[in-house]
Amino acid sequence: MQNVLEEVEIPLISVLALVERNGALVSGEMLTRQSVELGERLEELRTSVWSMAGQEFNLDSTKQLQEVLYEKQGLPILKKTPGGKPSTAEAVLVDLARDYDLPGAILEYRGLSKLKSTYTDKLPLQINSESGRVHTSYHQAVTATGRLSSSNPNLQNIPIKTDQGRRIRQAFIAGKGKKIVAADYSQIELRIMAHLSKDEQLLRAFDEGIDVHRATASEVFGTTPEGVSEADRRSAKAINFGLIYGMQAFGLARQLGVSRAVAQNYIDLYFERYPGVANYMNDSRLVAKEKGYVETVYGRRLYLPEISAKHAQRRQAAERTAINAPMQGTAADVIKIAMSNVQAWLTKSKVDAKMVMQVHDELVFEVADPDVEQLSIEVKKLMESAVNLDVLLEVEVGVGNNWDEAH
DNA sequence: AGGTTAAGCGCG
DNA sequence: AAAGCGCGCTTAACCT
């Protein structure tokens with residue numbers, strides 16, 4: 001088994017070097033403009049928070065914020081940090097925002113501040129003056145699961161979830177006469193869960209090419225697929241993601257804002273409908289305990305010494321890792337194989353295209369206009385056929401003038 | 001002054 | 001927050 005990984009990891013070294021050298025073209029001007037706008041907005045928010053709080057303080061200071069919220073304003077302490085201090089984390093402030101004005105304003109400030117300090121301020125400074133591009137470093141031997149990591153700058157956490165965040169992504173552009181092509185594996189970890197668990201119901205869902213969250217919702221909540229409400233689909237999506245991470249009723253309840261009993265009921269129903277998945281979860285824990293490690297489809301191992309720990313919290317954490325690592329790790333193996341195959345094709349085909357980024361389940365290319373169609377077709381084919389599992393892999397390809405448009 | 005940790009949050 | 005997995009970066013707080 002080990003040699004399977006060597007066949008992937010060793011050629012990948014040169015692919016990664018090439019991707020790093022290619023670099024991503026980023027418009028420093030666009031980002032700098034956004035920094036100015038964000039600065040003005042943050043200034044307004046700061047003043048408004050100060051007036052709500054009845055005092056001036058440093059919004060970036062956790063300590064001062066704790067004093068203002070919990071001592072001066074007397075808001076209830078819902079959770080504490082591991083260090084025993086009252087927490088001001090996002091999830092806590094979202095809770096508090098239902099009953100008070102201040103937490104919401106703090107959250108807006110925090111969100112925008114993060115975008116400015118990490119992205120719009122910093123990325124322009126990291127543009128290489130010769131290439132006009134940002135050249136990240138990809139690390140092949142950092143993560144526990146076999147994923148790559150990216151640093152200086154990290155291009156695997158560029159914003160996308162908010163409108164302001166997407167504006168940052170819009171600064172990742174294609175050169176003159178070129179396009180950005182982004183190719184994403186669709187639901188790859190869930191598909192791998194279907195492969196590993198051999199659950200008939202889940203395999204069939206992917207075979208039929210249907211919306212898997214909708215299918216889960218219809219199974220768990222006992223409706224027809226067409227009759228699934230938006231809320232039920234959202235719950236099913238949370239269940240599906242939660243399963244990949246080894247989440248239990250407590251966490252699902254928190255995620256969905258329902259009681260623990262209701263969450264437990266959802267999980268019970270799920271395992272009833274997808275018995276193969278239930279077995280797989282149990283087997284993962286057992287295998288980890290017996291062998292001391294778990295492995296991906298291609299034999300990448302993760303040793304879990306704490307799987308037999310007396311300390312329940314640590315043991316349970318190891319159990320969650322035992323469940324998650326084979327899925328996350330197999331997905332990582334798959335995209336690495338795809339990257340090697342895609343680069344081999346790029347090199348011999350002479351299309352005017354470069355692989356410029358990898359973001360866990362996504363590959364990003366910069367492609368000359370005339371070659372966009374050919375590259376899109378070929379990359380989709382190579383990614384979907386990188387490996388042969390019991391479940392189909394599906395890749396979605398998007399094209400645009402910038403990274404945001406390509407999604 | 002400079003390094004490390006804690007808290008928080010961006011992404012898959 | 002985490003009884004939800006994997007990362008890296010920023011600021012403040014803490015320490016030598």
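Convention: sequence-line order gives letters A, B, ...; per-chain numbering from 1.
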Looking only at side-chain atoms of A:His360, point me to the closest of C:dG8, C:dA12, C:dG6. C:dG6

Going by distance alone, is a donor N or O of one side chain under 3.5 Å from an acceptor N or O of the other, for A:Ser151 and A:His139? yes

Judged by atom type as modelled, is there a donor-acceptor pair below 3.5 Å linking the side chain of A:Thr136 to the main-chain atoms of A:Pro153? yes

Tell me: CD1 of A:Ile244 to P of B:dG12, nearest whole Å? 14 Å

Rounded interatomic separation in angstrom, taking CD1 from A:Ile188 and P from B:dG12: 15 Å

Which nucleotide wins on minimum distance to the side chain of A:Lys114, given the candidates C:dA12, B:dG8, C:dC7? B:dG8

Indicate the atoms forming the closest heavy-atom contact of A:Asp199 with A:Leu202, along with that distance. OD1-N, 2.9 Å

Relative to each other, are the rings of A:Tyr266 and A:Phe221 parallel, tilted or perpendicular (30° and 60° limits)? perpendicular

Over all heavy atoms of both residues, which pair between A:Phe365 and A:Met355 is shortest? Give the atoms and the distance, please. CD2-CA, 3.6 Å

A:Leu304 CG to C:dC5 P, in whole Å, measures 13 Å

Given atom CG of A:Leu65 and atom P of B:dC9, what is their separation to the nearest angstrom? 10 Å

Output yes when at least one side-chain N/O atom of A:Asn157 is less than 4.0 Å from OP1 or OP2 of C:dG6, else no. no

Whole angstroms only, please: what is the CG-C1' distance between A:Asp121 and C:dT11? 13 Å

Any side-chain N or O of A:Thr118 under 4.0 Å from OP1/OP2 of B:dG10? no

Would you indicate which nucleotide in C:dA2, B:dG12, C:dA12 comes nearest to any side-chain atom of A:Arg254? C:dA2

Hey, does A:Asn58 reach any base, or is it just sugar-phosphate, or nothing, if we go heavy atoms under 4.0 Å? sugar-phosphate

Under 4.0 Å between a side-chain N/O of A:Arg147 and OP1 or OP2 of C:dC7, yes or no? no

Please determine, for the side chain of A:Thr62, which listed nucleotide (B:dA7, C:dC5, C:dA2) has the closest atom? B:dA7

So does A:Asp369 pair up with A:Lys178, basic N to acidic O under 4.0 Å? no

Is any side-chain nitrogen or oxygen of A:Ser87 closer than 4.0 Å to OP1 or OP2 of B:dG8? yes

Euclidean distance, atom CG of residue A:Leu155 to atom P of B:dG10 [Å, nearest integer]: 17 Å

Nearest-angstrom distance, P atom, B:dT5 to C:dA3: 22 Å

Taking the nucleotide of DNA chain C with the closest heavy atom to each, which residue, A:Thr81 or A:Ala144, is nearer the 5' end? A:Thr81

Ionic contact status for A:Lys114 with A:Glu90, cut-off 4.0 Å: no

Looking at every strand, decide which applies to A:Gln316 at a 4.0 Å heavy-atom threshold: base, sugar-phosphate, or nothing. nothing

Has A:Thr143 got a side-chain N or O lying under 4.0 Å from the OP1 or OP2 atom of C:dC7? no

Please check the phosphate of C:dT10 (OP1 and OP2 only) for any side-chain N or O of A:Ser113 closer than 4.0 Å. no

Of the nucleotides C:dC9, C:dA12, C:dT11, which one has an atom closest to the side chain of A:Asn154? C:dC9

Of the nucleotides B:dG10, B:dC11, C:dA13, which has the atom closest to the A:Ser61 side chain? C:dA13

Ignoring the backbone of A:Thr145, work out which of C:dG6, C:dT10, B:dC9 is nearest its side chain. C:dG6

Quick one: which of C:dT11, C:dA2, C:dG6 gets closest to the side chain of A:Lys122? C:dT11

Find the distance A:His311:NE2 to C:dA3:C1' and express it as a whole number of Å. 13 Å

Nucleotide opposite B:dA7 in a Watson-Crick or G-U pair, distances under 3.5 Å: C:dT10

Minimum-distance nucleotide to A:Gln313 side chain [options: C:dA3, C:dT11, B:dG12]: C:dA3

Rounded off to whole Å, could you give me the CD-to-P distance for the A:Gln164 and B:dC9 pair? 17 Å

Looking only at N and O atoms, is any donor in the side chain of A:Arg110 or the base of B:dG8 less than 3.5 Å from an acceptor on the other one? no

Select one nucleotide: of C:dC7, C:dT10, B:dA7, the one nearest the side-chain heavy atoms of A:Ser117. C:dT10

